[in-house]
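Everything below concerns the one structure shown next.
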Amino acid sequence: MQELHQEVDEFVPDSCTKKMPRIGISANRNSEFQSCIAEQYVQAVLKAGGAPVLIPVITDIAALTAVVDSLDGLLMSGGADINPLYVNEEPIPQLQDVDTYRDEFDLMLIRLAANRQIPIMGICRGHQIMNAAFGGTLYQDIYSQHNEPVLKHSQKMPRNQASHSVTLEDGRKIGVNSIHHQSVAKLAPEFVETAVAPDGINEGMRHQEKYIFSVQWHPEHLTDDNEPYSLQLFQQLVKYAELYSRAKDLHNRIVTIDSHTDTPMIFPGEFNLGKKEGGKVNLPYMEEGKIDAVFMVAYIPQGKRDDESLDAARNLAINRINEIKRQEKINPSRMGIAYSTEDLLHLKRQNKKAVFIGIENGYALGKNLQNISMFKEMGVSYITLCHNGDNDICDSARGKGEWGGLSPFGKEVVAEMNRLGIMIDLSHAAESTFYDVLECSTAPVIASHSSVRALCDHPRNLTDEQLKAIARKGGVVQLCLYKGFINKDSEKASLSDAIRHLEYMINLIGIDHVGIGSDFDGDGELIGCRSTNELINITMRLLELGYSDSEIEKIWGGNLLRVMKEVQGEGKPS
């Protein structure tokens, strides 16, 4: 015992040991309902460079949440059949023993990890239940349900020996040791096949955009043979877990801001940011995705411009701003309204989320310059000059060119926003308006949610010349995640497409002039990034591409805060 104590007491972790990602391994249950796991899972994770953490079969949601929050990666292990009731099917006679309690545990575990964007790898049963959890279907028994003749998949050979082959997505053929009679039938949405047996049975899949993958066979038994692919699977999980660990750590150290969300628009009457009430932006999602701040806008649809309609537009903006501010009163321990860069930093130090206020569509100003002062006093940090239609300020990218750019009143608006320290947002503006504002404004401007026209030809996107012009003015362009602005085939728009837009802007105008404005709850969403809790996937991609911490810090808020500080000076509403 003394020797053991001495070994422990004298051990000093080196930098590599300290950074070993924590890989949770889901436990199986034996016939006596005891949580257990085959040693090979543990050894495979160790061999790949991860620190294995065994997760017992429990369904206490608070305890599971605490466990998952400590993980960098998750390995879903093999085991018994899955209860078909979970996929809305009745059991067939060929169904074997099921453990409904473990099914519940596995499904909860996958959901908790997926909500946090934790990388996940599944093996055998883990492969199947992951497919079910993400919306796919299963064969309860391949021998009776598959339409074609089936290989013998339930081998009795030693598990370190291959029983049949599979073809990988790159065309390679390898030997595997599948042990199953259930399998994936139809892949879950957004997943692609990575391995298939000669009889057509699926043996592997991965998510198109996220760090989630699985295989049907048991690679943990094959990491010592001459086929390197099995060990590479565990190394891939550890690599992804390292990225996630770095992303979490970075988000804890820097300020992360989403510059445009439309959440107040989607709720009739009152809502509560403290709950997951159907939108894509709320405090739980911000906490899961480790996002510090969002700009919530009072979106005002363009309407008639008579006095009555203009009054109604102003009042709607006031009501929506008051509803945003009410969130601070009902969630005081979790968030605060931010009016300046210092407010945001203060809230982050208190471990609270920050909400900035914006107005989308200067239509809310009507024809009265004094409304700008009123909205400033209410805490508005930026105003998008127009939306989809010309107004009394300017022409819109989707308008008729009524003014040929800024109206005379619009030039007064620009000057007054400069004077009061409100950021001018040029998203939605016509090119003529865009260049008029750059000529008139004495302060840098922003595009709170715009993408690259050279990559997706849409009038809402910015040309190369517009991107360069904002940069020359010292401003910032916040990449919009609206699928129609990211890919002409909007249903295929993905996180990878968004990263291409972001890198295009970085290469064109530099790292100091870009950011992220999701447009969530205003129809912004992409495959791989559909809500605030998924924004950390952008960080993982940027880390994988080799961007430095300081560069990512600029993208996630540093650039926008620089502009805000310059526009506002040290001003703050009373």
Side-chain angles (χ1 to χ4, degrees), residues 26 28 74-92 94-100 102-103 105-107 109-111 113-114 119-155 162-170 172-220 222 229-230 233 236-237 527:
S26 67
N28 195 354
L74 176 63
L75 176 62
M76 300 300 299
S77 64
D81 284 3
I82 297 165
N83 191 329
L85 295 178
Y86 278 112
V87 289
N88 299 315
E89 294 180 3
E90 296 296 330
I92 64 173
Q94 292 83 355
L95 184 71
Q96 298 178 14
D97 291 339
V98 298
D99 182 351
T100 301
R102 189 192 171 188
D103 292 341
F105 160 70
D106 279 352
L107 290 168
L109 196 54
I110 292 168
R111 188 69 171 182
I120 310 174
M121 172 182 171
I123 291 175
C124 192
R125 167 198 164 86
H127 169 63
Q128 296 164 19
I129 202 160
M130 279 172 55
N131 188 63
F134 289 109
T137 63
L138 304 176
Y139 290 123
Q140 294 183 44
D141 178 71
I142 55 176
Y143 301 102
S144 58
Q145 292 184 309
H146 190 53
N147 293 329
E148 304 295 331
V150 177
L151 297 173
K152 182 180 180 181
H153 288 272
S154 299
Q155 72 179 57
S163 59
H164 69 81
S165 66
V166 298
T167 301
L168 304 178
E169 61 180 331
D170 63 5
R172 283 184 294 160
K173 187 172 286 189
I174 64 169
V176 299
N177 59 346
S178 293
I179 307 168
H180 66 105
H181 82 109
Q182 290 194 324
S183 78
V184 167
K186 182 179 179 181
L187 286 178
E190 301 180 3
F191 281 78
V192 296
E193 189 166 70
T194 58
V196 60
D199 56 8
I201 295 295
N202 172 270
E203 293 263 351
M205 67 178 187
R206 61 174 173 82
H207 192 275
Q208 293 177 33
E209 296 292 329
K210 298 186 179 184
Y211 300 93
I212 301 173
F213 65 99
S214 57
V215 295
Q216 178 60 63
W217 67 94
H218 282 269
E220 73 277 11
L222 299 173
Y229 187 76
S230 291
L233 290 170
Q236 181 168 295
L237 175 62
I527 298 171

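Since we're looking at a predicted model, the values are computed, not measured.
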Working note: E148 + H146, criterion side-chain hydrogen bond (donor to acceptor under 3.5 Å, both in side chains); need CA distance, chi angles, decisive distance, verdict. CA-CA 6 Å; E148 304 295 331; H146 190 53; over 6 Å; no
Once side-chain contact (heavy atoms from CB on, under 4.5 Å) is applied, do any residues pair with A132, and if so which ones, sequence neighbours excluded? V87, L138
Shortest non-hydrogen contact from C124 toward G78: CB-CA, 4.2 Å
From I129 atom CD1 to L109 atom CG, the distance as rounded to the nearest 0.5 Å: 10.0 Å
Measure the shortest side-chain to side-chain distance between L75 and I123 over non-hydrogen atoms and say whether it is less than 4.5 angstrom. yes
Sequence neighbours excluded, which residues qualify as side-chain contact (heavy atoms from CB on, under 4.5 Å) partners of S214? H127, M130, M205
Are a donor atom and an acceptor atom from the side chains of H181 and D141 found within less than 3.5 Å of each other? yes
Residues two or more places apart in sequence or in another chain: which of them pass ring-ring contact (aromatic ring centres under 6.0 Å, His included) with F191? F134, H207
Quick one: CG on L168 to CD1 on I174, what's the gap to the nearest 0.5 Å? 4.5 Å
Dump the intermediate steps for side chain to side chain contact (heavy atoms under 4.5 Å, CB included) on Q236 and Y211, then the final yes or no. CA-CA 9 Å; Q236 181 168 295; Y211 300 93; over 6 Å; no
Kindly say whether T100 contributes a backbone atom to a donor-acceptor pair with the side chain of N83 at under 3.5 angstrom? no
Check: N177 side chain, S163 main-chain N or O, donor-acceptor pair, under 3.5 Å: no
Heavy-atom side-chain contact between S230 and W217 under 4.5 Å: yes
So how far is it from T194 OG1 to F213 CZ, rounded to the nearest 0.5 Å? 9.0 Å
Output the distance between atom CD (Q216) and atom NE2 (H153), rounded to the nearest 0.5 Å. 8.5 Å
So R102 and D106, do their side chains get closer than 4.5 Å, heavy atoms only? yes
Side chains of H180 and Q182: do they bring a donor and an acceptor to under 3.5 Å? no
Do any N or O atoms from the side chain of S77 and from the backbone of S26 form a donor-acceptor pair under 3.5 angstrom? yes
Looking at every non-hydrogen atom in both residues, tell me the closest pair between G136 and P189 and how far apart they are. N-CD, 4.5 Å
Donor-acceptor pair between E193 and N202 side chains, under 3.5 angstrom: yes
Of the non-hydrogen atoms in V166 and A195, which two are nearest, and what is the gap between them? CG2-CB, 4.2 Å
Minimal non-hydrogen separation, R125 against G79, with atom names: CB-N, 3.5 Å
d(T137 OG1, N88 CG) to nearest 0.5 Å is 11.5 Å
Could you tell me if the side chain of V215 sits less than 4.5 Å from the side chain of E203, heavy atoms only? no
Approximate separation, where rounding is to 0.5 Å, of L85 CG and D103 CG: 9.5 Å
Closest approach of L222 to G175 (non-hydrogen atoms, all atoms of both residues): CD1-O, 4.3 Å
Before accepting this row, confirm whether a basic side-chain N of the pair K152/D199 lies closer than 4.0 Å to the acidic partner's carboxylate O. no
Is Q145 reaching over with its side chain to a backbone N or O of Q140, donor-acceptor style, under 3.5 angstrom? yes
